**Student:** 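This is the structure I want to talk about, given as structure tokens.
Keep in mind it's a predicted model, so treat the numbers as computed, not measured.
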Amino acid sequence: MPAVSKGDGMRGLAVFISDIRNCKSKEAEIKRINKELANIRSKFKGDKALDGYSKKKYVCKLLFIFLLGHDIDFGHMEAVNLLSSNKYTEKQIGYLFISVLVNSNSELIRLINNAIKNDLSSRNPTFMCLALHCIANVGSREMAEAFASEIPRILVAGDTMDSVKQSAALCLLRLYKTSPDLVLMGEWTSRVVHLLNDQHMGVVTAAISLITCLSQKNPDEFKTCVSLAVSRLSRIVSSASTDLQDYTYYFVPAPWLSCKLLRLLQCYPPPEDGAVKGRLVECLETILNKAQEPPKSKKVQHSNAKNAILFEAISLIIHYDSEPNLLVRACNQLGQFLQHRETNLRYLALESMCTLASSEFSHEAVKTHIETVINALKTERDVSVRQRAADLLYAMCDRSNAKQIVAEMLSYLETADYSIREEMVLKVAILAEKYAVDYSWYVDTILNLIRIAGDYVSEEVWYRVIQIVINRDDVQGYAAKTVFEALQAPACHENMVKVGGYILGEFGNLIAGDPRSSPLVQFNLLHSKFHLCSVPTRALLLSAYIKFINLFPETKATIQEVLRCDSQIRNSDVELQQRAVEYLKLSSIASTDVLATVLEEMPPFPERESSILAKLKKKKGPGAVSVTELEDNKREGGELNGGADRGPDTAAMAASNASTPSPSADLLGIRSSAPVGAAPTSAGNLLVDVFSEAGPAAPSAAVNDDGFLRDLEQPTETSDSLLVEGSGDSDSAPPSEDPAPPLSEADELLNKFVCKNNGVLFENQLLQIGIKSEYRQNLGRMYLFYGNKTSVQFASFTTTVSCPGELQSQLNVQTKPVEPLVEGGAQIQQVLNIECLTDFSDAPLLNIKFRYGGALQNLTLKLPVTINKFFQPTEMASNDFFQRWKQLSQPQQEAQKIFKANHSMDTEVLKAKLLGLGTALLDNVDPNPENYVCAGVIQTKGQQVGCLLRLEPNAQAQMYRLTLRCSKDSVSRRLCELLAEQF
Amino acid sequence: MIGGLFIYNHKGEVLISRVYRDDIGRNAVDAFRVNVIHARQQVRSPVTNIARTSFFHVKRSNIWLAAATKQNVNAAMVFEFLYKMCDVMTAYFGKISEENVKNNFVLIYELLDEILDFGYPQNSETGALKTFITQQGIKSQHHSKEEQSQITSQVTGQIGWRREGIKYRRNELFLDVLESVNLLMSPQGQVLSAHVSGRVVMKSYLSGMPECKFGMNDKIVIDKQGKGGSSEDATKSGKQSIAIDDCTFHQCVRLSKFDSERSISFIPPDGEYELMRYRTTKDIILPFRVIPLVREVGRTKLEVKVVIKSNFKSSLLAQKIEVRVPTPLNTSGVQLICMKGKAKYKASENAIVWKIKRMAGMKESQISAEIELLPTNDKKKWARPPISMNFEVPFAPSGLKVRYLKVFEPKLNYSDHDVIKWVRYIGRSGIYETRC
């Protein structure tokens, strides 16, 4: 830009500005401005023509006043007039005023566009640049409409000056960002890409910004830029520092261009062309090599420029994630930076390493720097660097170094900044859980965590430790002991009291043998904390007390005394009061047996994904952690999953069990008087509860209070569910037994075919029977293949299919007789036509008789025709499902079974089985993704029976719970029996 | 309960900072500066709540006085205190300016210690304060024990505003009735709102402990007397009596007596003080009438003609008359024709200012102006702000008349007749506007 010459000094403007600067108060300033505005108005009045100089001066003043925050509503016309001036300074001021002050809907826009068009078509590069800058600065849609087609032409025209090309590239970039639909590159694409080959480095630098932006939108069109960029990069990297003259910055050749090139390459996958790739790898190696060279200058700019390129190169290497050699070298280079005295470098190194740690090639290399990182965590002065160090530690943690890292993070937590404590706590909790080999270590760690940073320990963390302790028998005693010791501290955090209350209430008996932790001592210890706690904790403690009464009958009197005192039984808090009253009554009325049933130890929690992890993810957002998170999940298939929360599941279990008639119904009655837990129980409907909970992850924190009550209730629930189970078993065992001489394993064979239609039904030394079957609505066709495994023919081979008992009226099976002779090694086929008349529970029998070497062989099998074969899958949405589920709420319509898993609990296998069943497997219906929900309609001749199924696996306990609801009760029962054998 | 009191100059620099309660931290000083004095947009509200701390401020020329509190105080009390504080400072060192505040640094802290105790306002009567807070440095050597005890008994006694044993050779008192008249008038001459707020300020130089009684043409008093007196009297005085809407008194006035007999009797403080404040809305004498005439000629021209008429006895002279005619924001030139006084277009204030030094009653005068406008892209119409006016007249626009001021001093040998009394009426314009 030509400097403003002395004669153009605009003294009036300088005086005005200094006047404004000298104003003592706001009022004085406003007065001065009003005066000036009046002056300018009188000058612009139009009765005498102004020369360019004064016009420029007054427009400048107006601009200045506008920038001070005052409204300007005149002078636009004068500014537009300036655009047509031939003097650079006047044109410049005109454009400046327009860029700052003209809004897009102004009437003047046509005039302005005209002036810009004139300048663009002039041969004067300075004027062209001014016009381009103005377009870019205003960047409105109108501008884009007017010039979007014009600018690419200028950009690629052969005779355009380099400086104009630069401006045009950046101007186009701006227009593309505001209205991408108007900037159509089409024909220009390849010519724009070839700007990368331009002689002038400035043009390349400007063009590459444009290309990067464009290629992010449509990568395919700009694919060719990769090879050009690589060759350009290699030319820059390999050039001596003096080659590029103006574009060498403190001995670094074209650092900005290099960074932009590397960034452009990050938009694309590694080049496929071997030569290009080789060249690129060479470049990257050269960059890494250069980092090792001694600096050519002591100046900070030199190292900044060098490192900028280096970091960009490292992110490219990480982006490609395919060159182990480069990754390790990058890691080593970053390792050096970890100890650099420049804080920014350390920060960047830690940040890049975090991503490196997630790559399998460099994970080990990153781990070697653990000491340095730990040191950084302890000694860094800047909190953001410490935060990065903590992130990196979390990312590099695996089984081998978990103990060390967790210990370091714990010790750092004591002095950590408040802003990052909660996140640190979550991370420690996750790492401790994920990599715990030894559960006592896990318990120690978490208790330490609560001790050190109790305030930052969220609900999820202490829920989790309790879940894990409850699910692991081996650690319970240790946990009780540790908690007991931790509670000895004169001041312990409320979360610690919660954990203590819960664990001692459950497992206090495990340490009661020691006189130092006798029941009474335990109780007194807990009670000494009681008065310092908040209401929810007190409620929890009261529940722990009632559990004590069960565990240690000798404490009954003391505890009753406590419950009876006014501060409990007349507590102003209704929840506490109710608990005190109910527990007191329960302890005095119920017999020890009942008490033992009601207050039985908690059953294990179902396995779930850790809710802590979910919380951390939520906290961090999907960006930073997710990569490492996924990686971690991949590496460790989640070995320590307790149930994450006792959300809908336990509630559902409680509810459904409560609805079944059970010997402890009177106990349930007592319990259902409790308002908090009672609501779900009395509803007696499984899915009502599922609705009442927001989702699987949310409730643990939200319903903390009743969550606990529910937990406490759970023992009773399970106990009666066991009772129900017992009676259920005795009912269901005999019915399908056939008095005839079917094989003893017939039932087993039958079960094999519940979920599949084809296969081998039976095989012995002589005979193999294969089955192929297909079903449509209430009709089925079954092909039986009888294979003679011997070399001798079977004589008088007859098969009969019979429907025993009432099956006759339920199923219609027709068949044709088979050939009486079966040659050795031959196979004969028989077709069965099956029609389902109504629902049935037994299976038809297949009797096979033949003579083998004179001996009569007689064989009876059950044909694998089961009611589920006539399923028609039904797809439905979540709310439909629940609506129907609710409609089928009569107790006899539901059949439920809890059983041990006989087969692998693999998700895919389970899904295949459920699909084989003939039902539709519904996704996203059950709030808990672990559970399976299916729906189908059984087609019989007479009627259709709708069926809904819910299967809840518990990987921890290797158990399933299966619930079926059908419009016909016999169908539910039969299906339930059938399916129970399948999983 | 004022937590702290701060005085700032126009730049927001703290001149005086006195914290009375612990709940006001040091950062409160900065909070007010940042959020009020240096606020991007001018803060109009005199009460600002910043981070659960309330700030009450008043501005005297370039000086900001701010009281801070965390409690739910009576805002009126706080402002009353701040005004009183301004009065006290003015009485001690004249105009409140940055220089004066800096020069009287120690004195202000002394005063603040005295008039505010743990945030509760104390005796802020200048007369009383002057007896023990002086500008001449420590005088305690000269104070005899007796004098000291006298001060104590006065300050803590029943008549805290006057000490005993005052002697003057000439017993003299000055009475000023100061009124400001506020008006908003429609272009057609209809009064939209008008009221007068007045003050009676006294300066008394009387010996001993005199008992004074002040009488004026209060309608209630006159009517009461009128009932007892002759009918002729009643009609005569009825014309001249005025209805007072509300009034407040100096603490020396015996309110019980006012309530029962509506008579104003008091033992006056020594020196200058404000005896009462009052407000009237009925039968106001409007000293001037403004008749505007505005004509828009096309988009670029505006013709304005303003006539003022004085509406009082022709023997009286109004002074310092100033008429301010606002001009549109896109004015590019003004031509003025003015018969009397001086008129000028002030671009910095966007107004035509017309000044007349003196004007007798029952006269008329006018200016006419031709305003040239610059066409703008804004379609906004000119809002036509009202024409405002300033003046000073030697009578009370409310019609208030002082009927008597009697002085009794039973112990000393001077009577009501010996006291020289001066009475003066000054009527000023408050916000005196006419729409155009």
Side-chain angles (χ1 to χ4, degrees), chain A residues 16 19-48 50 54-55 58-59 61-62 65-81 97-98 100-112, chain B residues 8-13 33 36-44 59-64 97-99 297-302 324-336 344-353 369-383 385:
Chain A
F16 172 60
D19 276 0
I20 294 279
R21 294 241 167 99
N22 290 333
C23 281
K24 278 254 165 60
S25 64
K26 193 134 192 152
E27 292 76 23
E29 183 184 312
I30 290 170
K31 276 190 174 171
R32 181 70 185 88
I33 285 169
N34 280 338
K35 196 173 155 196
E36 194 60 43
L37 283 176
N39 176 33
I40 299 172
R41 279 195 300 262
S42 69
K43 293 288 197 266
F44 282 175
K45 211 160 41 181
D47 40 7
K48 52 182 184 281
L50 282 172
S54 7
K55 225 182 254 175
Y58 293 127
V59 167
K61 281 182 182 176
L62 283 179
I65 292 170
F66 177 76
L67 294 178
L68 282 176
H70 300 266
D71 277 340
I72 296 297
D73 52 5
F74 65 100
H76 301 70
M77 201 57 221
E78 281 72 15
V80 174
N81 286 342
F97 187 89
I98 303 274
V100 174
L101 257 150
V102 171
N103 43 0
S104 51
N105 54 7
S106 162
E107 307 159 352
L108 292 170
I109 209 86
R110 214 166 37 82
L111 286 173
I112 295 168
Chain B
Y8 303 85
N9 66 5
H10 71 282
K11 289 184 207 150
E13 291 163 348
R33 179 180 52 228
V36 179
I37 302 180
H38 289 166
R40 286 250 173 102
Q41 268 157 358
Q42 204 187 349
V43 176
R44 287 248 178 92
K59 217 179 155 194
R60 283 284 178 275
S61 65
N62 271 335
I63 298 292
W64 299 73
S97 66
E98 183 177 351
E99 205 184 356
V297 189
R299 274 192 69 194
T300 57
K301 209 169 166 191
L302 200 68
R324 181 174 286 261
V325 185
T327 55
L329 290 174
N330 54 346
T331 304
S332 59
V334 178
Q335 269 89 50
L336 286 162
K344 208 181 164 192
Y345 166 56
K346 287 204 171 169
S348 59
E349 290 153 41
N350 281 321
I352 298 166
V353 180
E370 212 166 88
I371 300 170
E372 283 173 81
L373 302 175
L374 192 77
T376 62
N377 351 4
D378 268 8
K379 305 281 182 297
K380 268 185 284 172
K381 222 178 158 244
W382 183 43

**Student:** Could you check whether atom NZ of B:K344 has more than 12 heavy atoms from other residues, nucleotides or ligands sitting under 6.0 Å from it?
**Tutor:** no
**Student:** Closest heavy-atom contact between A:F44 and B:L374?
**Tutor:** O-CD1, 3.5 Å
**Student:** Between atom NZ of A:K45 and atom CG of B:N330, what is the distance when rounded to the nearest 0.5 Å?
**Tutor:** 12.5 Å
**Student:** Would you please name every residue forming a salt bridge (charged side-chain N to carboxylate O under 4.0 Å, His left out) with B:E349, sequence neighbours left out?
**Tutor:** A:K31, B:R324
**Student:** CG of A:D73 to CG of B:L329: how many Å apart, nearest 0.5 Å?
**Tutor:**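 Between A:D73 CG and B:L329 CG, I get 7.5 Å after rounding to 0.5 Å.
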**Student:** Among B:T327, B:N62, B:T300, B:N350, which has the most heavy-atom pairs under 4.5 Å with chain A?
**Tutor:**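 The candidate making the most pairs under 4.5 Å is B:N350.
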**Student:** In residues 32-41 of chain A, which residues are in contact with chain B at a heavy-atom separation under 4.5 Å?
**Tutor:** A:N34, A:K35, A:A38, A:R41
**Student:** Looking only at heavy atoms and a cut-off of under 4.5 Å, which of B:G333, B:S348, B:A347 has the most pairs with chain A?
**Tutor:** B:S348
